[in-house]
Amino acid sequence: MTVPNSIAPTEDLGRGVFSGKEAKRARRSRVSINVFLSQKGSTEISVDRLTLAPEDKATAIAGKAASARNRAFYGWAVVTAAKAGGNGRCVKATPTPDNPYHADIILPHLAAQDEEEQKRHAQELADTSRWREHPNVS
């Protein structure tokens, strides 16, 4: 299957969660702002296109990412492309050789220099997201 470059507003985008503490918090109450914070100075938040990726492939991709970080994969914080692309943000397909379902939520340029602006966007994304457990967790 060829993955289209255009992202539909209804697509689910998943931010991988590799922290047991953040996963536990998301299960109990809500997704933490920390899940959507990108590195200081960066305006890109890496996500997977969960609507298009078959569950086994999405899980395998996330598992490889976790292994590369020497961490475990717990699940995704899921936000629709429409919500991810709101308030000056945009969503762009950014496939990689290992992940044809990769995309980025791109923050406005100001967020690269302003940590508070970056936090504001991360909080909005966290507030509009929902938790999706790793499918192999019982």
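If you're wondering where the values come from, they're calculated on a predicted model, not measured in any experiment.
Between the side chain of Q118 and the backbone N or O of S42, at least one donor-acceptor pair lies under 3.5 Å. Panel note: side chain D48, backbone L50; no donor-acceptor pair is recorded below 3.5 Å. Counting only distance, with no hydrogens or angles, the side chain of R132 and the backbone of V78 share no donor-acceptor pair below 3.5 Å.
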Distance-only donor-acceptor pairs under 3.5 Å for side chains of residues 54-69, two or more places apart:
{"unit_1": "T59", "atom_1": "OG1", "unit_2": "E55", "atom_2": "O", "d": "2.8"}
{"unit_1": "S67", "atom_1": "OG", "unit_2": "G63", "atom_2": "O", "d": "3.2"}

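Rounded to the nearest 0.5 angstrom, R25 CZ and I33 CD1 are separated by 9.0 Å. In this structure, the separation between CG on N87 and CG on L107 is 11.0 Å, given to the nearest 0.5 Å. With rounding to the nearest 0.5 angstrom, the CG atom of N99 is 8.0 Å from the OG1 atom of T94. Between the NZ atom of K24 and the CH2 atom of W131 there is a distance of 13.5 Å, given to the nearest 0.5 Å. Rounding to the nearest 0.5 Å places OG1 of T51 at 7.0 Å from CG of L13. With values rounded to the nearest 0.5 angstrom, E115 atom CD is found 4.5 Å from K40 atom NZ.
By the side-chain contact (heavy atoms from CB on, under 4.5 Å) test, A72 is found to be paired with Y74, residues two or more places apart in sequence or in another chain being considered. Partners of R71 by side-chain hydrogen bond (donor to acceptor under 3.5 Å, both in side chains), not counting sequence neighbours: none found.
At least one side-chain heavy atom of R89 sits less than 4.5 Å from a side-chain heavy atom of P108.
Of all non-hydrogen atoms in V17 and A77, the two that sit nearest each other are CG2-N, 4.1 Å. Here the shortest heavy-atom pairing between T43 and A112 reads CG2-CB, 3.5 Å. Residues I7 and A93 come closest through the heavy atom pair CD1-N, 3.5 Å. Residues P100 and P95 share a closest heavy-atom pair of O-CB, 3.7 Å.
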Q | side chain to side chain contact (heavy atoms under 4.5 Å, CB included) assessment of F36 paired with R15 | A | CA-CA 7 Å; F36 285 99; R15 175 77 165 163; 3.8 Å; yes
Q.
Would D104 and S46 count as a side chain to side chain contact (heavy atoms under 4.5 Å, CB included) here? Give the steps.
A. CA-CA 5 Å; D104 284 305; S46 176; 4.0 Å; yes
Q: Applying side chain to side chain contact (heavy atoms under 4.5 Å, CB included), run through W76 and S129 and close with a yes or a no.
A: CA-CA 9 Å; W76 296 272; S129 70; over 6 Å; no
Q: Please lay out, stage by stage, how H102 and T96 fare under the test side-chain hydrogen bond (donor to acceptor under 3.5 Å, both in side chains).
A: CA-CA 7 Å; H102 188 269; T96 67; 5.9 Å; no
Q.
Pair R130, D12 - check salt bridge (charged side-chain N to carboxylate O under 4.0 Å, His left out), show working.
A. CA-CA 10 Å; R130 65 192 185 283; D12 280 341; 2.6 Å; yes
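Salt bridge status for R120 with E124: present, with a side-chain N to carboxylate O gap under 4.0 Å.
Of the N and O atoms on the side chains of D127 and Q123, at least one donor lies less than 3.5 Å from an acceptor on the other residue. A donor-acceptor contact closer than 3.5 angstrom is absent between the side chains of E11 and T80.
No continuous path of hydrophobic side-chain contacts links I106 to V79 [ILVMFWY only; heavy atoms under 4.5 Å].
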